[in-house]
Amino acid sequence: MSKAKQYREVKNLTQAQIENEIAQFWKSNAIFEQSIHEREGKTPYVFYEGPPSANGMPGIHHVLARTIKDIFCRFKTIQGYQVKRKGGWDTHGLPVELQVEKLLGITKKDIGTKISVAEYNQKCREEVMKYKDVWDDITQKMGYWVDLENPYITFDNNYIESVWWILKELYQKDFLYKGYKIQPYSPAAGTGLSSAELNLPGCYKDVKDTSAVAQFKIEMASVQENAFFANKDEAYYFLAWTTTPWTLPSNTALAVGAAIDYVLIKTFNPYTHLPVNLILAKDLLSKYFQPENEQKDFATYAQDGKNLPYQIINTCKGKALAGIRYEQLLPFEANQKEKINGDAFRVITGDFVTTSDGTGIVHIAPSFGADDMKVAAENGIGALTLVDLEGKFIDGVGAFSGRYVKDYKNEPNYISVDIDISIQLKKENKAFKVEKYEHSYPHCWRTDKPIIYYPLDSWFIRVTAVKDRMVELNKTINWKPESTGTGRFGQWLENLIDWNLSRTRYWGTPLPIWRTEDKDEEICIGSVEELKAEMQKSIAAGWMDKSILDATFDLHKPFVDDIILVAASGKPMRRESDLIDVWFDSGAMPYAQWHFPFENKETFQQSFPADFIAEGVDQTRGWFYTLHAIATMLFDSVAYKNVVSNGLVLDKNGNKMSKSKGNTVDPFKTIEKYGADVTRWYMISNSQPWDNLKFDEEGLAETGRKLFGTLYNTYNFFAIYANIDGFRIDTQERIPLAERAEIDRWVISKLHSLTNEAAAAYNDYEPTKAARLIEDFVIEHLSNWYVRLCRRRFWGNELSQDKRAAFETLFECLQTVAQLMSPIAPFFSDWLWQNLLGTSSSIHLSQLENGNDKAIDKALEQRMEWAQEISSLVLSLRKKTKIKVRQPLQKILVPAIDKNFIAQVDKVKGLILSEVNVKEIEYISDTSGIISKKVKPNFKLLGKKLGGKMKAASEHIQNLSNDDIQHLEKNGHIDILLEDEKFNILLEEVEIISDDIQGWLVASNNGITVALDIHISEELKNEGFAREIVNRIQTERKESDFEVTDKIFIHVQNQLVLNGVLNTYKEYICNETLAKDIILADNISNAKVFDINGEELYIFIQKA
RNA sequence: AGUCCUAUAGCUCAGUUGGUUAGAGCACUGCUCUGAUAAGGCAGGGGUCGGCAGUUCAAGUCUGCCUGGGACUACCA
């Protein structure tokens, strides 16, 4: 009868075909949805999806990041947890806006003039989802399971409402405030820049600027009583260095380090050659003067600005200089002292002052530096802002008025203000040194022009208030790798500054704060309902005609700005025009994705905080931070318990991938060529997720060939023979482990060990470890050892108990391996699973059981390792003597030093003997006298005991004579003499091994020694012939394309030497080759001639 | 500039609390096995474990400094 094949046999199926098939299956059976619904009521495992932005194409690094996310979600699912994965889209922010500007050919200035804000935002809304289809496609192709049917979208009204709710909570906790801060600002673009923008690649550039060391003249009236300045008739100056001379007119103070040593010196100005007295840090003296010019006769000065003679008049600490007043360096109409809102032109102390650069005296222009502003505020110095928002000097700065401080307008003949100021200083005896200085300076990534620091109004979140709590909570988070949490993230938390929330853009979540014009009254809105209610009041007060908040209302600009509210005093309140930082949007996702607290309260409670999140390490200060900050402020909780931060994907040479370099990897092409599973497996197994991955196509090919190829063939082998025998796995009854062969129990033991170890690795967020363990099991243990050694067991005629055991064992291995690998290789594992079980249920709906400790036999695993080691040694001996494995040999000898070792080896000797084709194994005892022994000290034990004598002892011990060794073995200890000192060495402090058997061919490794008897008797020789003949016939069968089950007749031409062999081994040969008979004849047509160990043999085979 | 990561064979990576021949895979060379193979086995070449110092009986492993690569943060004038 023709049996229907139980197991699908495959040939030349590509990974891509498998994946298409499985993807189709998942889709039409809604497997992903089932994997969640089926586990309703089970313990939830909470995962947060960090929203990607769909306005860019997905890259290979997204595949890595999403593979990591997918792995743990799938693993937890197969462990029985319910893992919801709500997808999301990040939709606000600058990248979208810029893309739209580029698309429309406009700049920020045109928004509101050439194009209405409404139209512009509409365009953003469309553009941000530009590549959604491509993203959906890669999601499906790479096998990433995430719910994209009901994603959260940050531009959604509901999402915004939740964000508003959060902001109001923070507002009520007094975490929100408006402040005046120095911020990066691009005059060319007319906009403030976020720190994220400042850190776009290429923003910090090395530029050469004109730097100046200016002479600030001391007001002698302020030092009348000061003995430090001995000669009140002379002029004294502070030296202060700046790389931005254009800020000098805005100078209002000088800062010194309280503990820094300063010197007062007498010298000349190198430009005017006038005699001057200068104050600068002692440590920096050598920067401007050569030591040999000290005490040089002042008369010898050549008036060339070189080799300035100088003389140290006095020294003091910076503290002593504080309070001294100086004359304004560059007085103009606009910076008259009366116009300054503080007590300016004084020396103050600041802890930021160092002597690593400049003069140790820092020029302070509070409007153009964050440090400056801070220290000025602390000292009541006041500020000058002589530059406007366009980056040009305001009126009243003399000839500089109207000039741009940098070339913001691409003027063809732009003359550097820095240079002109320096020239003026030189002329006026106010410059001590002017030179070009190369440093790295931030540039506006859009205009490529240098930014300046400028005082701007902003809303801030007072994260500094919860800093300590954030640090504390961070310690409870399991970071992978740990160093990112303690180091990078921890350090960042320690040095927190308040979070600047304001963005002066158009497409983003509007700040829900309305204020009166006099800033006296304000309201923070926390919901649409509240806004409606407030609007009603406003209508009643006559500030608005009617409610505009209907169901279709868009909470974005410009509509939200049409709403005017009324204050308690009756005054109108208008919305603060800022948008909020987009990072706040993504950090709000734990709440806003559920429209909490307006809906889904219970769902939220069950899904906060997350058990697991994963993103690139570049998110440390991004999403990881905003999630943490908001959760801390809102609920005094962490937002996530475990976090994996993955490294970058580099090209195969270790370079960063970039479009300009053309070394990017197209994930679609990669997946199409090698398959998603192979790509995923390669990325995970090649290096730890947090290490950078050098992406090399060769590695993909190797993974495909080795792991997937091997597994595919192992399955196919199983299928072919199972079908031949009509074997069918019985889900209920299996042959008990105890009744299976040693090698079956071994591989099952290995399998259960693997299950435990791999699960532990997954649970520990170590996917690379898991992948490598699985790979090792499949290739080394299952394929290269178990299947190879067991092949014969599958060949017999009937389905014996032993054969059934072999089938069951192999089946169980494949089944569990499929489950273990399913998180990483979701397609192939499901394909394998379904083929094995003949089911249309998915592996991803299955339950992974723990490894059964009763099935694990470590002693068995150990002795199999020994069997492998011994086999390997014997094979290497055969190699040395050039005796083929096909040639049977009589015996191998193993020294019997360790009784346990022998007992263990004896249990696996059958495997060894058949593997190396030897008849017997003989254990030779100690007393034979032909074993030579060696003693190796146990360094760990002896090192502690002997300390400094260890080296000498080691030498001594290794040179112990055979008698000494015998003594040691017998008595359990021996005395040795080291530098006239006696030491007692115990038996357990050394290792005794045999490494030679005299008179035999010996190989030795890892403490195991084997000798091989290479004498070939006539009988062995003939058996060797028989094996050779079998080999030729098998080859011939294969070449003739016979089925493995075909019976044959063998026709052989009579041959003097081999006829005897053919007779003697007829049964053996027939058995091996499925031959019905061997027919000898004098002459055979069609025969092929074979060389059998030097004998010619004519053979012809035909199907019976 | 600061913080953190990283450096082991030509390439990709292992390497336990420090313990004595530093490993695997790929690639290369030779031989070999095959009744599942895209394979497998055996042998070979290939390493001042980035450099220098230190701690120690003992350092790839611990400490410090330096160099290369990378990330993040950053107006230090």
Side-chain angles (χ1 to χ4, degrees), chain A residues 182 184 195 198-199 204 211 240-244 247 255 352-354 356-365 368-372 439-442 451-453 481 483-484 486-492 495 616-618 620-621 647-648 650 652 654 656 685-688 690-692 694 696 698-699 701-702 704-706 708-710 712-721 772 776 779 783-784 787-788 791-792 794-795 871-872 875-880 882 884-886 936-944 946-954 1031 1034-1035 1037-1038 1044 1072-1074:
Chain A
I182 306 299
S195 58
L198 222 50
N199 276 293
Y204 275 84
S211 76
W241 179 59
T242 181
T243 54
T244 51
T247 62
F352 55 88
V353 180
T354 67
S356 58
D357 255 323
T359 62
I361 301 174
V362 179
H363 141 66
I364 300 291
F368 304 113
D371 273 345
D372 304 40
H439 62 156
S440 114
Y441 195 83
I451 61 119
I452 62 175
Y453 291 85
S483 61
T484 300
T486 55
R488 187 178 290 200
F489 196 63
Q491 292 282 344
W492 161 259
N495 298 306
V617 68
D618 51 326
T620 309
R621 268 84 162 189
L648 275 75
L650 307 172
K652 67 174 184 176
K656 208 171 167 174
S685 67
N686 185 66
S687 63
Q688 305 262 37
W690 33 88
D691 288 331
N692 289 343
K694 288 183 196 163
D696 188 358
E698 299 253 336
E702 191 185 325
R705 225 177 28 235
K706 295 208 66 160
F708 289 91
T710 302
Y712 176 89
N713 279 309
T714 305
Y715 164 74
N716 211 27
F717 172 84
F718 168 84
I720 288 169
Y721 287 98
R772 288 176 181 170
D776 192 52
I779 297 171
S783 173
N784 286 350
V787 175
R788 194 164 56 83
R791 274 177 305 196
R792 310 196 131 254
F794 294 95
W795 298 342
S871 301
S872 166
L875 290 173
S876 84
L877 287 173
R878 279 183 171 274
K879 184 93 223 167
K880 258 183 213 158
K882 299 202 159 123
K884 287 183 176 178
V885 180
R886 269 200 292 269
K936 249 172 84 177
N938 182 325
F939 281 86
K940 211 167 182 174
L941 293 175
L942 279 175
K944 278 186 187 123
L946 301 177
K949 300 276 192 305
M950 189 58 217
K951 221 169 199 170
S954 165
N1031 168 259
Q1034 300 291 29
T1035 312
R1037 279 187 65 119
K1038 209 173 180 180
V1044 291
E1072 289 291 305
T1073 59
L1074 295 186

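Scope of the values below: all heavy atoms of this structure, side chains included, with no hydrogens, waters or symmetry mates. The sequence lines fix the lettering, A, B, ..., with proteins before strands; numbering per chain opens at 1.
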**Item:** A:Phe717, nearest nucleotide to its side chain (from B:A36, B:A77, B:U73)
**Value:** B:A36
**Asked** Is B:G68 paired to anything, Watson-Crick or G-U wobble with both distances less than 3.5 Å, and if yes, which nucleotide?
**Response** B:U6
**Asked** Taking the side chain of A:Lys706 as heavy atoms from C-beta outward, which of B:A77, B:A38, B:G25 is closest to it?
**Response** B:G25
**Message:** Tell me if the aromatic rings of A:Phe718 and A:Phe794 count as close, with their centers under 6.0 Å from one another.
**Reply:** no
**For B:G23, the Watson-Crick or wobble partner whose two distances fall under 3.5 Å** = B:C13
**Asked** Between A:Tyr721 (side chain) and A:Asn716 (backbone), is there a donor-acceptor pair under 3.5 Å?
**Response** no
**Prompt:** So does A:Ser872 get a side-chain nitrogen or oxygen closer than 4.0 Å to the phosphate oxygens (OP1/OP2) of B:C42?
**Reply:** yes
**Message:** Under 3.5 Å for both donor-acceptor distances, Watson-Crick or wobble: does B:C31 have a partner, and if so which one?
**Reply:** B:G41
**B:C11 OP1/OP2 closer than 4.0 Å to side-chain N/O of A:Lys694** = no
**Item:** Under 3.5 Å donor-acceptor pair, A:Ser211 side-chain atoms to B:A77 base atoms
**Value:** no
**Asked** What nucleotide among B:A14, B:U37, B:A77 has an atom nearest to a side-chain atom of A:Asp691?
**Response** B:A14
**Prompt:** Can you tell me if the side-chain N/O atoms of A:Arg886 get under 4.0 Å from OP1 or OP2 in B:U34?
**Reply:** yes
**Request:** Using the side chain to side chain donor-acceptor pair (under 3.5 Å) rule, take A:Ser211 and A:Trp241 through it: C-alpha gap first, then chi angles, then the decisive distance, then the call.
**Result:** CA-CA 7 Å; A:Ser211 76; A:Trp241 179 59; 3.3 Å; yes
**Item:** Presence of donor-acceptor pair under 3.5 Å, side chain of A:Lys940 and base of B:U20
**Value:** no
**Message:** Can you say whether a donor on the side chain of A:Asn713 sits under 3.5 Å from an acceptor on the base of B:A38, or the other way round?
**Reply:** yes
